[in-house]
There are 2 protein chains.
Amino acid sequence: MPRSGEAARRRLKEAALELFLENGFDQTPVEAIAARAGVTERTFYRHFADKREMFFDGEGELRDVLVQAITEAPPGTKPLPALRAAFHASVPLFERNRPLTEPGARLIAATPALQERALAKRALLVEALTQALQARQVDPRVASLLAQVAMDTCAAATHRWMLDASLSLHEHIDHAFRELRLAAAALK
Amino acid sequence: MPRSGEAARRRLKEAALELFLENGFDQTPVEAIAARAGVTERTFYRHFADKREMFFDGEGELRDVLVQAITEAPPGTKPLPALRAAFHASVPLFERNRPLTEPGARLIAATPALQERALAKRALLVEALTQALQARQVDPRVASLLAQVAMDTCAAATHRWMLDASLSLHEHIDHAFRELRLAAAALK
DNA sequence: TTAGAACTGTCAGTGCCTGACGCTACATTC
DNA sequence: GAATGTAGCGTCAGGCACTGACAGTTCTAA
């Protein structure tokens with residue numbers, strides 16, 4: 001009964017999140033996920049590259065938003081301000097996905113294998129940001145460093161946002177970048 | 001013939017590096033490593049938690065050096081200068097291990113699974129640096145952010161050092177931190 | 001000599017992931 | 001309306017990473 005294809009993918013994601021929250025990531029075989037979704041284990045691997053990959057589906061969208069914001073920054077904008085603006089531009093995406101992201105974040109934090117993958121995904125975003133900066137004539141090595149640093153700053157901001165929602169994500173981002181500026185001023 | 005234990009561990013590391021360089025990481029089963037080292041696959045897993053873990057053995061030493069440098073920084077030293085000094089203190093460690101690190105670095109760069117693990121190891125170092133800063137009364141959230149940023153800066157420096165050894169690692173570190181300071185000054 | 005610790009081998013087993021093959025539903029074309 | 005193509009899926013077989021349990025060996029210390 002080969003139905004829609006997209007439906008099976010959705011069922012698999014739902015089943016996986018349920019089982020992971022019930023029993024933990026390492027304690028749920030892919031076979032169990034597939035069974036709850038009504039498909040075969042083999043079908044699971046036709047929709048997802050591997051067991052960890054399910055958690056990181058929206059990454060492509062986030063990357064596009066960030067890269068576009070960098071690309072469209074006014075000419076003459078310095079790298080770090082451009083990066084900060086890009087993260088501000090991605091805030092709606094975080095806010096929209098928050099109810100879905102939050103339980104997943106706890107699961108990732110509790111599962112080393114997922115933390116590794118999350119870091120790898122972040123590295124891919126950094127790579128995309130680096131290239132977007134290079135397209136703006138930023139020196140490649142400087143671009144790489146600053147993309148990394150800005151990504152960390154944004155990650156710190158979203159982390160604080162999870163713990164303290166009394167401030168908006170915009171405010172957390174600005175706070176974090178301000179701390180970065182003040183701390184860097186103490187160099188040399 | 002159960003000899004020393006430490007000898008087997010060393011043989012396993014040598015055999016693994018050879019086979020990985022010959023055939024690639026993904027194309028060399030643990031069984032082959034064990035066979036070349038003259039032991040069983042099971043023994044491999046008694047010496048290393050998993051196949052990827054062999055590459056990251058000196059990490060403990062590096063962590064200790066960094067943490068000690070942070071701890072022993074003169075009172076009143078600001079966080080980023082303290083972190084920069086810590087990385088300078090770890091330079092001899094990098095220089096000593098360079099001939100061993102360099103072929104490994106290319107292998108890591110060519111193997112996604114190893115990149116993930118390398119990022120995870122970096123995250124552990126960042127965590128240790130964060131705690132060392134907190135012990136110096138740095139605000140926990142600021143400590144976390146700056147440890148991350150400093151680690152990225154040092155990583156960028158070592159990466160440049162691999163590509164361009166005409167400058168010392170000390171100089172690359174200073175250059176990278178200077179770029180960070182200049183870029184951050186453009187914020188706000 | 002004996003007791004114990006450290007190291008290893010052997011065996012069985014789980015789980016992730018892949019390749020190859022064939023089937024079925026659906027869309028397209030003539 | 002029949003032929004063709006395509007996309008999604010099931011089934012089977014198999015490789016490889018990793019683990020638990022048990023037994024045998026060497027070396028050391030009492």
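Just so it is clear, the values below take in all heavy atoms, side chains as well, and ignore hydrogens, waters and symmetry mates. Order of the sequence lines sets the chain letters (A, B, ...), proteins ahead of strands, with each chain counted from 1.
- Relative ring orientation between H175(B) and H172(B) is described as perpendicular, the plane-to-plane angle rising above 60° on a 0-90° scale split at 30° and 60°.
- In this structure, T43(B) reaches the sugar-phosphate backbone alone: every heavy-atom distance under 4.0 Å involves primed, P, OP1 or OP2 atoms, never a base.
- Applying the salt bridge (Lys or Arg N to Asp or Glu O under 4.0 Å) rule to pairs touching residues 31-40 of chain A yields E18(A)-R36(A), E22(A)-R36(A), sequence neighbours excluded.
- The ring-ring contact (aromatic ring centres under 6.0 Å, His included) check on F87(A) picks up nothing, with sequence neighbours excluded.
- Regarding contacts with the backbone of dC9(D), a side-chain N or O of H47(A) is found under 4.0 angstrom from either OP1 or OP2.
- Partners of E53(B) according to the salt bridge (Lys or Arg N to Asp or Glu O under 4.0 Å) rule, which considers only residues two or more places apart in sequence or in another chain, are R117(B), K121(B).
- Connection of Y45(A) to L114(A) is established within a shared hydrophobic cluster, with ILVMFWY side chains joined at heavy-atom distances below 4.5 Å, either directly or through further cluster members.
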inquiry  = Pair R136(A), T77(A) - check side chain to side chain contact (heavy atoms under 4.5 Å, CB included), show working.
reply    = CA-CA 9 Å; R136(A) 293 175 64 88; T77(A) 308; 3.7 Å; yes
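- dT14(C) atom C1' lies 13 Å from atom CD of Q27(A), rounded to whole Å.
- Overall bending of the helix from dT1(C)-dA30(D) to dC30(C)-dG1(D), expressed as the angle between end axes built from five pairs apiece, is 10° (10° steps).
- Considering all non-hydrogen atoms of both residues, A110(B) and P112(B) come closest at O-CD, 3.7 Å.
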N/O to N/O distances under 3.5 Å, protein versus nucleotides 17-20 of chain D:
unit_1  : atom_1 : unit_2 : atom_2 : d
dA17(D) : OP1    : K51(B) : NZ     : 2.8
dA17(D) : OP2    : V30(B) : N      : 3.1
dC18(D) : OP2    : Y45(B) : OH     : 3.3
dC18(D) : OP2    : K51(B) : N      : 2.8
dG20(D) : N7     : R42(B) : NH2    : 3.0
dG20(D) : O6     : R42(B) : NE     : 2.8

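- In this structure, F20(A) and F25(A) have tilted ring planes: the angle between them lies in the 30° to 60° band.
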Please tabulate, one pair per line, each protein N/O and nucleotide N/O from nucleotides 4-6 of chain D that are separated by under 3.5 Å, including the distance.
none

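- Under the 4.5 Å side-chain criterion, counting only non-hydrogen atoms from C-beta, L83(A) is in contact with L80(A).
- A salt bridge does not link R10(A) to E6(A): none of the charged side-chain nitrogens sits closer than 4.0 Å to a carboxylate oxygen.
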